[in-house]
Each structure stands twice: as structure tokens, then as C-alpha cells.
2 protein chains.
Amino acid sequence: MATIYEVAAAAGVSPATVSRVYNGVPVSAEKAELVRAAVAELRFTPNRTARSLRRKNAEVIALVIPDIENPYFTSLARGVEDVAQEAGYSVVLCNTDEDPGKEARYLEIAVAENMAGVILAEADGRADLSELIARSRPVVAVDRSTLFDLDSVILDNRAAGVAAARTLINSGYRRLACITGPAEIDTAEERAEGWRSVVSPSGSLERPDDHLRYSSFRVEGGRDAMAELLALDPAPDAVVVTNNLMGVGALQVLSEAGRVPPAFGVAVIGDLPFTTLTPNATSIVRLPARDMGTTAARMLIERINGDTEPARTVILPHEVVAAASGAPAL
Amino acid sequence: MATIYEVAAAAGVSPATVSRVYNGVPVSAEKAELVRAAVAELRFTPNRTARSLRRKNAEVIALVIPDIENPYFTSLARGVEDVAQEAGYSVVLCNTDEDPGKEARYLEIAVAENMAGVILAEADGRADLSELIARSRPVVAVDRSTLFDLDSVILDNRAAGVAAARTLINSGYRRLACITGPAEIDTAEERAEGWRSVVSPSGSLERPDDHLRYSSFRVEGGRDAMAELLALDPAPDAVVVTNNLMGVGALQVLSEAGRVPPAFGVAVIGDLPFTTLTPNATSIVRLPARDMGTTAARMLIERINGDTEPARTVILPHEVVAAASGAPAL
DNA sequence: CGGCTACCTCGTAGATGGTCGCCATGCTCT
DNA sequence: AGAGCATGGCGACCATCTACGAGGTAGCCG
């Protein structure tokens, strides 16, 4: 690749002038034109590595998420990518697999590469962001909040849990179980707490937590938990599932057991990806995954551009899509 | 962040020695220990930007895919990420949305950032890779082949089309339609060609191409095409769908029309993501998405490490999962 | 109308943080 | 004692940005 020196020589100006043309520093129209011509001739593109080194700031943002195979995070990533690309940033995708070790390694790389900022959906709620903060690299938390005082884009998880449980109650189900994610993950706990708050006062279950299962946020997790719940006595007649993939697993098991909705009530928090079931018998609490991505990316870019307001928290709304049909008559 | 100079000063050695410790160049145990102590003390991490500038080689690979929301590419990305991470590379995710303009921009960035290599699932089969090749940046084509002579990891698309059609014939269906992607995309054309080769000689359809629909590789595309096919006269009794998302769309429309498999035969090329249908009435030609990612990443890393063998093409096998039940009696 | 100041443009040169080629030193082995 | 090797320091180099200052022009004031 041609360098800025070659362009300068070809245009008969100094390298500094070429640089100025690229950085919006005033240059006489005449010289700017010379530079543009030379750039076109030599097919010059500035070397981003050298630029980052000098500027101490790469035009790259890191997106750190726990599971790239979950369509929820995939939509979120899509949102981030759209906004970032628009603003001239590239996105480095960091899949942590819910592993704090991998997460820490990626955060270190973000520092070592002088990345402009980080959008983080934390694995375990204990990430050490002090290095990033010490170098004033902006970080925006998304989906899950952190120990640090950061801009965050989150959901009202408790309310989502309440909404999911309520829609089942409204459909006439009475003994609601719940399948949620690992207890260490706040979102899992909060959504379950929403379910509990609906189920407890109604008194339809004596000890609600007997009908609560913690599992992994994956299809297998939903399957395992659902199988256990079906074996209970007294058996539940409906279930709140706090994550999309678990929801798929639960529906698979129910279907194998011949108890598809509405025979068994199901409310899932998070969109069921690519459903082929059409008579919509399961209730969905839709989460604005893509919006979360675009919002987080926009906030991050504002910070990168020097915004120093105190940390903001944006809570995006969910949307309840109730099942078309209710519980079978008792 | 501390620099290599500060570490050198703290350890009482030269910066070059510190560098050597990081690069596996022999250093006396004594000095190495001094360096390690200073590194720990100052919490030093080498600046990757500076390193890339000097080395003309960033420890980053670009993964350029047309649709990050398609679970097929998501699995592929996962495979790439796993191998890359293992080898110390980060992955920059570039979502082109099947847009050659976006793709070109990303490839330019890969050059400008001195990325170590590119894994490319091309949007339109006309990408200009000459700049990358001129700088001997390795490129591996994945899923789709390119105009250039590159390492590729692909599928036998024609065979997949044949397999999908055969499984329907074996189940007793006779009038097989086909839904495929945009005609410009080779994979779409090749898979349809497989279907055509099965359908034509059997003569069950007079003009097979009347039952062929080109559409977009998305859920909507599958829906639109399926709706059209259902309206045909004579109507098909089964359909080969050449992509997972289109398969979902087709199944949705069939389900709305009350013609779920096996009432209407469906064979899909590509795994149906997160199905909740259990009695598996649709045939699937499973594609090794993740393996494609790991294979491509491994090939790329070999090239980065200086392998100069002639370009290789790896064709990964698909796997046919036939539907459990056949066509209804005629 | 002349001179001083202010401003605008542009070039020079140093800085950015590592890496690596070259060379000097000192030790070992023959 | 001489050859050869292991070790480590010096300084050039990577490609760009930017502080500083030089030079020129214009405007204002006396």
C-alpha cells in the first residue's frame, strides 16, 4: 500500500497536508484537490494501525457476549453492528461462552488493542473493568448490569417475569412452575422473582420454589428442567420459561410427552426463534434485542465522542404476546 | 499502560530484552526473571497496535458473512471463533447483509488494518480480492466459492439437492417443487440443479421449472415462495427448500394452510434451527456449519503461518435425516 | 499610507510503542 | 589462544498524527 509520503510526493505537498485532508483540518481547496488526485492515482488508504498507534484509539469496538449461537444475542449483535458501521467503527465479536476466563482475556485484548470502547453482556457479574476505566475506555453494559457504575441498557426483568406469569394466570392456568437460568446470573434470578411474586400470593402452590428449576440458558437446560417438572406430584399445569432457548427445550419435551400448549401452558421470556408452530398457543414476552444493540452502540459512541454525563440506565420495554387460546376447561 | 521502556527500566535491562521475553527469543533465565517481575509489578501488557504496525500483521482475522442472524452462519462463526481464539487471534465480525458494497468496505478495512487473514462467505460472487492477494493476505472462501483461486471449504450443493429430492421421492411424494435463493448465488443455483436432476428424468412434472421459485434466503422468502407454489395447478405434493430460513417460512405457510408434513412433503437443506416440532416429519439435509468454520479457520491459520501449497478445496459431507413418516397413501 | 498584529496555511520534525538487524561483549570448548 | 556461540544493547524502522513555528496575507489603527 502506498504511504502518506508517497501521496505527498505525488501531490507535491507535505505528508502533514495529506493527513489534514483526512482529518478535517482546514486545507486550501487547491492543495486538497492535488491530494485527492494523488490518492486516487495511488489507490491510497490510510493505514489504520499506524493511525491507532498515534491516536491511541482504534476505530473498533468490542462486543462481548456470552453466547453467539443464541438468536437473542445475535439480534443484539446485529443492532450493534448496524450502528457501529454507520459511525465508521468495526465490531470485534467476543464470544465468552459464559466463561469469566475467556471474558477477562477479551477485555484485556480490548485494552491492548486500544479499542475505542466495549459493549458488554457480562458472564458472571464480576468482571474486572478497572483497567478499561482507568484508561477511560467507555464501556456500556447491555442485558446484564455490572459491579461498576456504567451506562446500561437493560430490561425490567422482574416485570417480564410478572407479565409472563400473569398471562398464564389470565388464561386460566393455576399451578405455574418456572424454569430459569443459573442462579448467579442476575437476569435469571430477577425473572424468577417476578414469577414468584405472582405465584406466591395466589397461594395456588404451597411452596412455589419446589416448582422452580435453575438450569443452563440453553436448549438442553430447558429440556432437563421440563422433564423434572413433569415428573412432579402435584404436577404443574403451566410453566414460565425465562429464556428463549430454554423455551425451545421445554416445548420439545412437552411435545414429546404429548402435552403441547394449550394442554400445558407455556410462557416464554424472549422471542422463540424461527417458530414453525403457527396457531400461537404459547405466550411470549418479546424482548427488544435489536433495539438493545442499537441503543447500546449509540450510547457507546456518544461516550467515545467525549460525552461525560453521569452514567445512564436505559430500561427498554418488553411486549407481551399472549397465547391465542387459554387453558383447557378444568 | 506501562510501556516496554518502563518495564525495561524497572528490570534494569534494555527494551529489546523485554521484547525478546515476549517473543520466545532466548534470554538468560536471570534476566527473564527480572523482566517477569517488572511486568507483574507494572501490570504491563504489550500494545498490540504498536506490535502490528512494526510486524505489519495484526493478530486479527476478519470473518465476512452475509447474514449474522442466520443460525447457519452463526454456527460457522462459532467454529471460526473457537479455533481462532485457541491460536491467539481475535475475530472481527463483518456482516454484509448480502450487500457487495458493505462487503467491499469490509475487505478494505481488513487491508487497512493489516489483518492477518480473511474468511469470506461471499455475497455476490464478484468480490475484488486483488488487493488482499497483492499483499499476500491469506483468504479462505467458505460456503461459497469465489472468482479467485483460493482455499475453499464448501459443500457438494448439487448432491445436497439430489439427496433432498430423493428422500421425498423415497417417501412416496411425486410432484416435487423447489424453493431456492437468488439465482446469482451459486449455492442456490447448484442446489436447485440437484433437485432438477432428480425431478426431470422421473417425468412426474412436465416442466419442472414451473415448480421452481427463486426467492431471498430468509424466512419471508420461504413464505412468499411457498404461498405461490400452493396456488399452482397442478399443485405440488412436496417441496425441496434449499436453505434453513426459507424452510422455516415454508413450514409456517404450510402449517397455516393446514398442510403440515407429512400431508405435504418437505425436505430442507440446512438444519432447522431450534425446532419445537418433534415427530420429525420433515426431512433435513444437515450441513456441517460449525465444522466448516473450524476447517476454514485452521486452513487460514496454516496460511498465515506461511504454508504456500497450491490452493485446496475441502468438500465437507452433508448428512441426510429422512422424515420419520412418508407420504399419505395416494 | 505604512506598520503592526492576527490569522490562516503548510512544512518540519518528533512522538507513538514495539520489533529486529547488527554488533560488541564475554564465555566456552577445542 | 582462537573460533564460535549465546546474550543483550543500540538504533533504525513501521505509518501516521500533531505541536510548533515559519511565512504570507489581510485588516486595522495611527
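Residue numbering restarts at 1 for every chain, and letters A, B, ... go by the order of the sequence lines. Keep in mind the model is a prediction, meaning the values are calculated, not measured.
Using a 4.0 Å heavy-atom criterion, one finds that Tyr5(B) contacts the bases of the nucleic acid, with or without backbone contacts as well. When heavy atoms are screened at a 4.0 angstrom cut-off, Val18(A) is found touching no nucleic acid atom at all. Base engagement by Arg20(B) is indicated by at least one non-hydrogen atom pair under 4.0 Å involving a base atom.
Qualifying side-chain contact (heavy atoms from CB on, under 4.5 Å) partners for Glu189(A), counting only residues two or more places apart in sequence or in other chains: Ala183(A), Arg196(A), Tyr214(A).
Position along DNA chain D of the nearest nucleotide to Thr17(B) versus Leu53(A) favours Thr17(B) as the more 5'-ward residue. Residue-to-nucleotide proximity on DNA chain C shows that, of Ala50(B) and Pro15(A), the 5′-proximal contact is made by Pro15(A).
Rounding to whole angstrom units, CD1 of residue Ile4(A) and C1' of dG11(C) are separated by 13 Å. Atom CG of Asn47(B) and atom C1' of dG17(C) are 6 Å apart (whole Å). Between Arg135(B) atom CZ and dC14(D) atom C1' the separation is 14 Å, expressed in whole Å. In this structure, Lys56(B) places its NZ atom 12 Å from C1' of dT16(D), rounding to the nearest Å. Rounding to whole angstrom units, CG of residue Asn57(A) and C1' of dT16(D) are separated by 14 Å. Atom pair Asn23(B):CG and dG17(C):C1' shows a separation of 13 Å (rounding to whole Å applied). One interatomic measurement links the two molecules: CZ of Phe44(B) to P of dG17(C), which rounds to 10 Å at whole-angstrom precision. When rounded to the nearest whole Å, the span between CD of Glu6(A) and P of dC14(D) equals 11 Å.
Within the 4.5 Å cutoff, no side-chain heavy atoms of Arg303(B) are placed close to those of Leu150(B). With contacts defined as side-chain heavy-atom distances shorter than 4.5 Å, the pair Met299(B)/Val314(B) qualifies.
Near DNA chain D, meaning a heavy atom under 4.0 Å from it, residues 25-42 of chain A has no residue at all.
Contact annotation: Thr3(B) does not reach the phosphate of dG17(C) (side-chain N/O to OP1 or OP2, under 4.0 Å).
You won't find any donor-acceptor pair under 3.5 Å spanning the side chain of Arg51(A) and the base of dT16(D), going by distance alone.
In this structure, Glu41(A) places its CD atom where only 12 or fewer heavy-atom neighbours from other residues, nucleotides or ligands lie under 6.0 Å away.
With respect to Asp151(B) and Arg312(B), a salt bridge is recorded, a charged nitrogen being found less than 4.0 Å from a carboxylate O. A salt bridge is absent between Asp291(A) and Arg298(A): the closest approach of a Lys/Arg side-chain nitrogen to an acidic carboxylate oxygen does not fall below 4.0 angstrom. Ion pairing of Glu108(B) with Arg135(B) is absent here, as no side-chain N (NZ or NE/NH1/NH2) approaches a carboxylate O to less than 4.0 Å. Under a 4.0 Å N-O distance rule, the pair Arg36(A)/Glu33(A) qualifies as a salt bridge.
Comparing dG11(C), dT19(C), dT16(D) by their nearest atom to the side chain of Arg55(B) picks out dT19(C). Looking at the side chain of Ser14(B), the nearest of the listed nucleotides dT18(D), dG11(C), dG9(D) is dG9(D).
The two residues Ser75(B) and Ala289(B) make their nearest non-hydrogen contact at CB-CB, 3.7 Å.
Taken over five-pair windows at either terminus, the axes of the helix from dC1(C)-dG30(D) to dT30(C)-dA1(D) are inclined to one another by 40° (rounded to 10 degrees).
Between Phe44(A) and Tyr5(A), a ring centre-to-centre spacing not shorter than 6.0 Å is recorded.
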